[in-house]
Amino acid sequence: MDKIVVQGGNVLSGEVPVSGAKNAALPIIAASLLSRGHHILRNVPELADVATMLEVLRVMGAKAERLTGNKKSTCEVLIDGPVHPEAPYELVKTMRASVLVLGPLVARYGRARVSMPGGCAIGARPIDQHLKGLKAMGAEITLTEGYVEARCKRLRGATVNFDVITVTGTENVMMAAVLARGRTVLENAAREPEVEELANVLNKMGARIEGAGSDVITIDGVDELRPMDHAIIPDRVEAGTFLVAAAITGGNVLVKNAVPEHLEAVLLKLREAGCTLTTEAGGIRCKGPRVLKPVDIKTAEHPGFPTDMQAQLMVLMSVANGTSVISENIFENRFMHVPELHRMGADISISGPTAVVKGVKKLSGAQVMATDLRASASLVLAGLRAEGRTEVSRVYHLDRGYEHIEKKLRGVGANVRRVKG
Ligand code: EPU
């Protein structure tokens, strides 16, 4: 298995580009099931999760592929023949976001059979709210042999009040509602930029959605949609990860394509930590201070501080001058990077959803590994700041969400390489 090897201590400087957003690309690829024809998706990051979602479409009978050469950030999906509306266990178990095909399939084909995602490393992650929304729209839901089956000739509009705010749940039910008969109102909807982006794409396809980006989304169902041609927004979590890389190395980096409006809570905390942040044409520049100040964060749904940036901020806190506190309010098991950071010399204690991080003078390189994507990214960051050599194994987690992270970091002066294994 591949490893990422980091020789710490370099101060980062220069420009680093941000790729298209993974968590926008996944629902948008699923949305192509909503219309026949030839869909073109641009700025699609080359990631393992994206490859899995294209595979999910292919096993259903669609053509779904990434172009090659200088067009390799473009994917094409062709839906013209019959679609077999089933997402098998083998794929869903590798990526729970495969469940995003449920809404589009039942809306357009009247039936969907999707392997029920199990728990995952960061938490139990049920899908009851996805199912609640589909049921409210008239779908008959059964669970057999580990598969969720949803059936309905044509969904009908309904008011769905989500009990918890869920990103993919909002996306799934929104995709189902665009072809339903009548009006659907989603209350307590997720407000993440990726939800807004999906609504924009669906509207380009002919849907009638209003309010995405707020907590009430209104969808007037239409009979038919047309194929999409769309370029995906930049990845705010990748951007945030590079901003932290600049911050903790005392660097000066322009994170190209980063969108400030998508990152407000993160920028606020970086400023509090003493970073100088400027919005420039084409991105956000972060200059790290000589000494980082401690900051406290409470993860929350957008526009709160994103749970997907918690592990990265923890690295910053680990080397700040003082004590910081993290409350992780979204996932119940998202501190798996902590024992690995301990191995690098960090001083962190955990009590339930709270982590108390006492800044240390230095981190030292070590062999580490993590069991989820953002935790792995935090270990690469820690390696950039640590003295000596850090080896991060289980790189397949990173490859699910960061496009060529080692190349991009090298481009701003980091000593990072991938060792094939
Ligand atoms: N939840 C329920 N019932 C549901 C759905 C969610 O109880 O039916 C709970 C979850 O267990 C969790 C909370 O609600 O405690 C929020 O979960 P949410 O459904 O919003 O998460 P998700 O849609 O499964 C997306 C991202 C995650 C990101 C979370 C939170 C995608 C493909 N994934 O997951 O991204 O952490 O929202 O912002 O959009 C990542 O990229 O590393 C990643 C994990």
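As the structure lists them, so they are numbered: ligands from 1, and atoms in each ligand from 1. The analysis underlying the following values was restricted to heavy atoms, covering all of them including side chains, and did not include hydrogens, waters or symmetry mates. Numbers for residues simply follow the sequence, beginning at 1.
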Exercise. With the side chain counted from C-beta on, respond yes when Arg385 and Leu292 share a heavy-atom pair under 4.5 Å apart, and no when they do not.
Key: yes

Quiz item: Considering only heavy atoms from C-beta outward, does the side chain of Arg374 approach that of Gln310 to under 4.5 Å?
Solution: no

Exercise. Could you tell me whether some N/O pair between Asp308 and ligand 1 is separated by less than 3.5 angstrom?
Key: yes

Quiz prompt | Check: Glu171 N/O within less than 3.5 Å of ligand 1 N/O | solution = no

Quiz item: So which bit of Val164 gets within less than 4.0 Å of ligand 1, heavy atoms only: side chain, backbone, both or neither?
Solution: side chain

Which residue and atom name correspond to the protein heavy atom nearest [atom], and how close is it?
atom: atom 32 (C) of ligand 1; value: Asn23 OD1, 3.3 Å
atom: atom 8 (O) of ligand 1; value: Gln129 N, 2.7 Å
atom: atom 19 (O) of ligand 1; value: Thr166 OG1, 2.7 Å
atom: atom 20 (O) of ligand 1; value: Val167 N, 2.8 Å
atom: atom 3 (N) of ligand 1; value: Asp128 OD1, 2.8 Å
atom: atom 44 (C) of ligand 1; value: Arg334 NH2, 3.5 Å
atom: atom 4 (C) of ligand 1; value: Pro126 O, 3.0 Å
atom: atom 15 (O) of ligand 1; value: Ile330 O, 2.6 Å

For ligand 1, which atoms have a heavy atom of [X] less than 4.0 angstrom away?
X: His130; answer: 8 (O)
X: Lys22; answer: 40 (C), 41 (O)
X: Arg125; answer: 11 (O), 22 (P), 24 (O), 34 (O)
X: Leu373; answer: 42 (O)

Any Lys/Arg nitrogen of [X] or [Y] sitting under 4.0 Å from an Asp/Glu carboxylate oxygen of the other?
X: Glu391; Y: Arg389; result: yes
X: Asp308; Y: Lys22; result: no
X: Glu149; Y: Arg111; result: yes
X: Glu210; Y: Arg183; result: no
X: Lys269; Y: Asp296; result: no

Exercise. Might you work through the side chain to side chain contact (heavy atoms under 4.5 Å, CB included) test for His130 and Val148, ending with a clear yes or no?
Key: CA-CA 11 Å; His130 303 228; Val148 179; over 6 Å; no

Quiz item: Are Glu328 and Thr307 close enough that a side-chain donor and a side-chain acceptor fall under 3.5 Å?
Solution: yes

Self-check item: Donor-acceptor under 3.5 Å (Glu238 side chain, Ser19 main chain)
Solution: yes

Quiz item: For ligand 1, is Glu194 a contact, meaning one of its heavy atoms is under 4.0 Å away?
Solution: no

Quiz item: So is Glu238 in contact with ligand 1, going by heavy-atom distances below 4.0 Å?
Solution: no

Self-check item: Working for side chain to side chain contact (heavy atoms under 4.5 Å, CB included), residues Ile348 and Phe335
Solution: CA-CA 10 Å; Ile348 303 162; Phe335 284 140; over 6 Å; no

